[in-house]
Undergrad: 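Here you go, one structure.
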Amino acid sequence: MINTANGMIPTSSSSANPQSPGLKTYFKTPEGRYKLHYEKTHPSSLLHYAHGKTVTQVTLAHLKDKPAPSTPTGSSSSFSASTGVKSAAARWLGSGNGSRALSFVGGNGGTKSISSTSRIGSLGASSSSNSLTNTNFDGKGTYLISNVGDAIFISDLNSHDKDPIKSIHFSNSNPVCHAFDQDAKEGHDLLIGLNSGDVYSVSLRQQLQDVGKKLVGAHHYNKDGSVNNSSRCTSITWVPGGDGAFVVAHADGNMYVYEKNKDAAGDSTFSIIKDQTQFSVSHARYSKSNPMARWHVCQGSINSIAFSFDGAYLATVGRDGYLRVFDYSKEQLVCGGKSYYGAVLCCAWSMDGKYILTGGEDDLVHVWSMEDRKVVAWGEGHNSWVSGVAFDSYWSAPNTDGTGETVMYRFGSVGQDTQLLLWDLEMDEIVVPLRRCAGGSPTYSTGSQSSHWDNASPLGTLQPASSIRDVPKISPLVAHRVHNEPLSGLIFTQDSVLTVCQEGHIKIWMRPGAAESQSSNTETLLSTSSKDKPLHSSKIGGSSYKQ
């Protein structure tokens, strides 16, 4: 049980979470306390073997419409739980799949037994005794999809039960990334990428309706390495407004564009890559081929990819330390730049498409401006690699005396230091370096970065790593240790913040005042789309809250 008197989880209680001894169950912000509401985990008995060398990601999927009885794959819809990635309602948590240091072994979960298991070829589905047939599944709900070891787990976000309601096991490889399509009208809406390079697409609703039965209707892409036989999947996403198109990134620096409505077995032959260091796009020869195109982005692993909210731009980050931003429809490099040090592991867009967050092995959160096409701020506060970043589109800046209004952003980051950091970004308040005089030190001023930076970088230019003296620094508003294990990502929802550790344990932190209303209105967790939420502007002051 949670001891609310001192905000600590007692280690001596038999009901305490064994993964979280001695951690506080709340953290403070200027608008109030965020409280640990409940947790999700994976029953260890459902894991077929130790899940070393896997990093848990989490996808949030919201099924709102009940399908017609005669149409098991009827329409579904969802709202994005991320900021700036329209297709991810569905934002997968965690990245860094191409990094050796992101591999951990452990986790002991619960002890729920499997009541039935079925397999189809190398892919099977198994359900725990807590089946959906006992929970009156009606085609609606908000679900968490997470990968641990050789399994995909599906949990009911609105249930306080820690254990998942379904598990899907893969005997040929480990799932490492997944994505849910909030715009899918029919058919498949869930993508799963494997360490072997294989990709599956399925209907989430069908999987929920067929608990305890064989996995039905799965399409298999890159089967037996027919498209890419040399590297694992690292990141996967639906194309916003792409009518079933999706992009799969691999550890060899290539991305492939597929169409779910085409034959999954339709192989494509692409031209040989002449220069591994240069960006290039190759299209399939035939219109019926699947995948339709190959993008060679870089040498080494692509660790994470993310579309801007409107689908116009695609950001990639990789093992080589570069953020790259592409105009997706024109298939052109727009801008990008190098990290201060090491690989970049994660990225996220602001909902207005003006800023991109990146994090990685330099322990920094980089804020990139699309207007200036360069990094405009560094967030200093993590003590180890940054493994997840996200903007909070549901946060509203508190009102001030109205003497001056400027746009503010709230965003979060998590890292291998087990900490969740919250940041407030107000571009008019950060210290911005003026242009440097020859042989001298830079001068600084406050105000809009656009009025102080040199002219924006030319289109298609990748910026070198910035000097530590040339980039404005921001400090976190909140620093809170939320797990005992390294973290792999976070999601912001209307009522909560979700954090996940690399071993697959998920915590739901309710926003101030949300816990009371959540119990009486479980259907509105994602009832407001982030695209309908305006940016609130105001000015706020506050010190960093260390937990």
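Fair warning: this is a prediction, and the values are worked out from it, not measured in the lab.
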Undergrad: Between L314 and V239, is a side-chain contact (heavy atoms from CB on, under 4.5 Å) present by the stated rule, with each step listed?
TA: CA-CA 9 Å; L314 175 62; V239 179; over 6 Å; no
Undergrad: How many angstroms lie between atom OG of S155 and atom NZ of K166, to the nearest 0.5 angstrom?
TA: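 One gets 13.0 Å once the value is rounded to the nearest 0.5 Å.
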Undergrad: So how far is it from N254 CG to S282 OG, rounded to the nearest 0.5 Å?
TA: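 Spacing of CG (N254) from OG (S282) equals 10.0 Å.
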Undergrad: Do T493 and L498 pass the side-chain contact (heavy atoms from CB on, under 4.5 Å) test, and can you show the C-alpha distance, the side-chain angles, and the key distance before you say yes or no?
TA: CA-CA 8 Å; T493 74; L498 279 64; 3.9 Å; yes
Undergrad: Return the minimal non-hydrogen interatomic distance between S203 and H188, and the atom names on each side.
TA: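 That closest heavy-atom pairing would be N-CD2, 3.7 Å.
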Undergrad: Looking only at atom types and distance, does a side-chain atom of K262 sit under 3.5 Å from a main-chain N or O of P291, one as donor and one as acceptor?
TA: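 Absent.
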Undergrad: Testing L190, T59, I192 for side-chain contact (heavy atoms from CB on, under 4.5 Å) with I152, which one passes?
TA: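 Among L190, T59, I192, the one meeting side-chain contact (heavy atoms from CB on, under 4.5 Å) with I152 is I192.
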Undergrad: Could you tell me whether F170 and Y200 have their ring centroids closer than 6.0 angstrom?
TA: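 Centroid distance F170-Y200: below 6.0 Å, so yes.
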Undergrad: Using the rule side-chain contact (heavy atoms from CB on, under 4.5 Å), only one of L191, I305, D181 pairs with T237; which is it?
TA: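 In the set L191, I305, D181, the residue that makes a side-chain contact (heavy atoms from CB on, under 4.5 Å) with T237 is I305.
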Undergrad: Side chain of S384, backbone of Q416: donor and acceptor closer than 3.5 Å?
TA: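 No: the side chain of S384 does not pair with the backbone of Q416.
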Undergrad: Crowded around N261 CG? As in, over 12 foreign heavy atoms under 6.0 Å?
TA: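 Enclosed.
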Undergrad: Let me know which of H505, K162, E503, K507 forms a side-chain hydrogen bond (donor to acceptor under 3.5 Å, both in side chains) with T41.
TA: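 Checked H505, K162, E503, K507 against T41; only one passes side-chain hydrogen bond (donor to acceptor under 3.5 Å, both in side chains): H505.
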Undergrad: Rounded to the nearest 0.5 Å, what separation is found between the CG atom of L357 and the OG atom of S413?
TA: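 Answer for the CG-OG pair, L357 versus S413, is 8.5 Å.
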Undergrad: Under 3.5 Å, side chain of W238 to main-chain N/O of D189, donor-acceptor pair present?
TA: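 The answer is yes, because a donor-acceptor pair under 3.5 Å joins these two groups.
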Undergrad: Please check: side-chain N/O of R319 versus main-chain N/O of G253, any donor-acceptor pairing under 3.5 Å?
TA: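 Looks like no, no N/O pair under 3.5 Å.
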Undergrad: Give the ring-plane orientation class for H160 versus Y38, where under 30° counts as parallel, over 60° as perpendicular and anything between as tilted.
TA: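 It falls in the parallel class, under 30°.
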Undergrad: Do the ring planes of Y258 and F246 sit parallel (below 30°), tilted (30 to 60°) or perpendicular (above 60°)?
TA: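 The arrangement is parallel - the two ring planes meet at less than 30°.
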Undergrad: Mind listing the closest non-hydrogen atom pair of C298 and D320 along with its distance?
TA: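 Heavy atoms of C298 and D320 come nearest at CB-OD2, 3.5 Å.
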Undergrad: Can you measure from OG (S496) to CG (L36) and round to the nearest 0.5 angstrom?
TA: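 Between S496 OG and L36 CG, I get 11.0 Å after rounding to 0.5 Å.
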Undergrad: Would T499 and H483 count as having a side-chain donor-acceptor pair, cut-off 3.5 Å?
TA: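 Indeed, the side chains of T499 and H483 share at least one donor-acceptor pair under 3.5 Å.
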Undergrad: D224 and S226: side chain to side chain donor-acceptor pair (under 3.5 Å), yes or no, with the steps?
TA: CA-CA 6 Å; D224 300 322; S226 60; over 6 Å; no
Undergrad: Hey, are the side chains of H382 and L421 touching, using non-hydrogen atoms and a 4.5 Å cut-off?
TA: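 The answer is yes; the side chains approach within 4.5 Å.
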Undergrad: Within the 4.5 Å heavy-atom criterion, are Q207 and V202 side-chain neighbours or not?
TA: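 When only atoms from C-beta onward are counted, V202 and Q207 do touch, with a gap below 4.5 Å.
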Undergrad: Heavy atoms only: give me the nearest A61-L204 pair and the separation to one decimal.
TA: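 Result for this residue pair: CB-CD2, 3.6 Å.
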Undergrad: Between F326 and W295, is any pair of side-chain heavy atoms under 4.5 Å apart?
TA: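 Yes, at least one pair of side-chain atoms sits under 4.5 Å.
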Undergrad: Would you give the length of the straight line joining atom NE2 of H480 to atom CD of Q419, rounded to the nearest 0.5 angstrom?
TA: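 It is 9.5 Å, given to the nearest 0.5 Å.
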Undergrad: Quick one, Y34 and R511 - any side-chain contact, counting heavy atoms below 4.5 Å?
TA: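 Yes, at least one pair of side-chain atoms sits under 4.5 Å.
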Undergrad: Nearest 0.5 Å, what's the CD1-OG distance between I506 and S146?
TA: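 Spacing of CD1 (I506) from OG (S146) equals 4.5 Å.
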Undergrad: For the side chain of T56 and the backbone of N147, is there at least one donor-acceptor N/O pair under 3.5 Å apart?
TA: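 Indeed, once roles are kept as given, a pair shorter than 3.5 Å links the two residues.
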Undergrad: Any side-chain heavy-atom pair from Y143 and L157 closer than 4.5 angstrom?
TA: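 The answer is no, as the side chains (C-beta and beyond) never meet within the 4.5 Å cut-off.
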Undergrad: Does the side chain of V199 reach to within under 4.5 Å of the side chain of Y256, using non-hydrogen atoms?
TA: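 The answer is no; the side chains never approach within 4.5 Å.
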Undergrad: Looking only at heavy atoms, which two atoms of E259 and A245 are closest? And how far apart?
TA: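 Smallest interatomic distance, heavy atoms only, reads OE1-N, 3.8 Å.
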Undergrad: According to salt bridge (Lys or Arg N to Asp or Glu O under 4.0 Å), who are the partners of D417, at least two apart in sequence or on a separate chain?
TA: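 Salt bridge (Lys or Arg N to Asp or Glu O under 4.0 Å) list for D417, sorted by chain: empty.
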Undergrad: Please state whether the rings of Y313 and W349 are parallel, tilted or perpendicular, taking 30° and 60° as the class boundaries.
TA: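 Because their plane-to-plane angle is under 30°, the rings of Y313 and W349 count as parallel.
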Undergrad: Between T142 and H62, does any side-chain donor sit less than 3.5 Å from a side-chain acceptor?
TA: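 Looking only at side-chain atoms, H62 and T142 do form a donor-acceptor pair, the distance falling under 3.5 Å.
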Undergrad: For residues F391 and Y355, establish whether the separation of their ring centroids is below 6.0 Å.
TA: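 Between F391 and Y355, the centre distance exceeds or equals 6.0 Å.
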Undergrad: Report yes if some heavy atom in the side chain of K40 is under 4.5 Å from a heavy atom in the side chain of S159; otherwise report no.
TA: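 Sidechains of S159 and K40: in contact.
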Undergrad: On the 0 to 90° scale, with breaks at 30° and 60°, tag the W423-F411 ring pair as parallel, tilted or perpendicular.
TA: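 The rings of W423 and F411 lie parallel, inter-plane angle below 30°.
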Undergrad: Side-chain contact, heavy-atom cut-off 4.5 Å: D495 with M510?
TA: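 Answer yes - side chains close enough.
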Undergrad: For T418 and R481, indicate whether the former's side chain and the latter's backbone hold a donor-acceptor pair under 3.5 Å.
TA: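 Not confirmed, T418 side chain does not pair with R481 backbone.
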Undergrad: For the pair D362 (side chain) and G342 (backbone), establish whether a donor and an acceptor sit closer than 3.5 Å, ignoring hydrogens and angles.
TA: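 Not confirmed, D362 side chain does not pair with G342 backbone.
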Undergrad: Would C233 and H178 satisfy side-chain contact (heavy atoms from CB on, under 4.5 Å), going step by step from the backbone distance to the final call?
TA: CA-CA 10 Å; C233 298; H178 29 87; over 6 Å; no
Undergrad: Strictly distance-based, threshold 3.5 Å: is any side-chain N or O of N222 a donor or acceptor partner for the main-chain N or O of G197?
TA: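 Side chain of N222 to backbone of G197, a donor-acceptor pair under 3.5 Å: yes, one is there.
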Undergrad: Using 30° and 60° as the class boundaries, would you call the ring planes of F153 and H42 parallel, tilted or perpendicular?
TA: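 F153 vs H42 ring planes: parallel.
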Undergrad: Could you tell me which residues satisfy side-chain contact (heavy atoms from CB on, under 4.5 Å) with K223, sequence neighbours excluded, listed by chain and number?
TA: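 Scan of K223 (side-chain contact (heavy atoms from CB on, under 4.5 Å), adjacent residues dropped) gives H220.
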Undergrad: Look only at the side chain of D150 and the backbone of H169, and say whether a donor-acceptor pair between them is shorter than 3.5 Å.
TA: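 No, the answer is negative, given that no donor and acceptor are paired below the 3.5 Å cut-off.
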Undergrad: Quick one: side-chain contact (heavy atoms from CB on, under 4.5 Å) partners of S280, sequence neighbours excluded?
TA: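 Here the qualifying residues are H296.
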Undergrad: Measure across A251 and S231 and return the closest heavy-atom pair with its distance rounded to 0.1 Å.
TA: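 Result for this residue pair: N-OG, 3.6 Å.
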Undergrad: Between the side chain of K260 and the main-chain N/O of S201, is any donor-acceptor distance below 3.5 Å?
TA: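 Such a contact is absent between K260 side chain and S201 backbone.
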Undergrad: Under the side-chain contact (heavy atoms from CB on, under 4.5 Å) rule, what do N228 and F270 come out as? Steps first, then yes or no, please.
TA: CA-CA 11 Å; N228 185 316; F270 300 102; over 6 Å; no
Undergrad: Taking all non-hydrogen atoms of both residues, which atom of C347 and which atom of A315 are closest, and how far apart?
TA: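 Closest heavy-atom pair between C347 and A315: SG-O, 4.3 Å.
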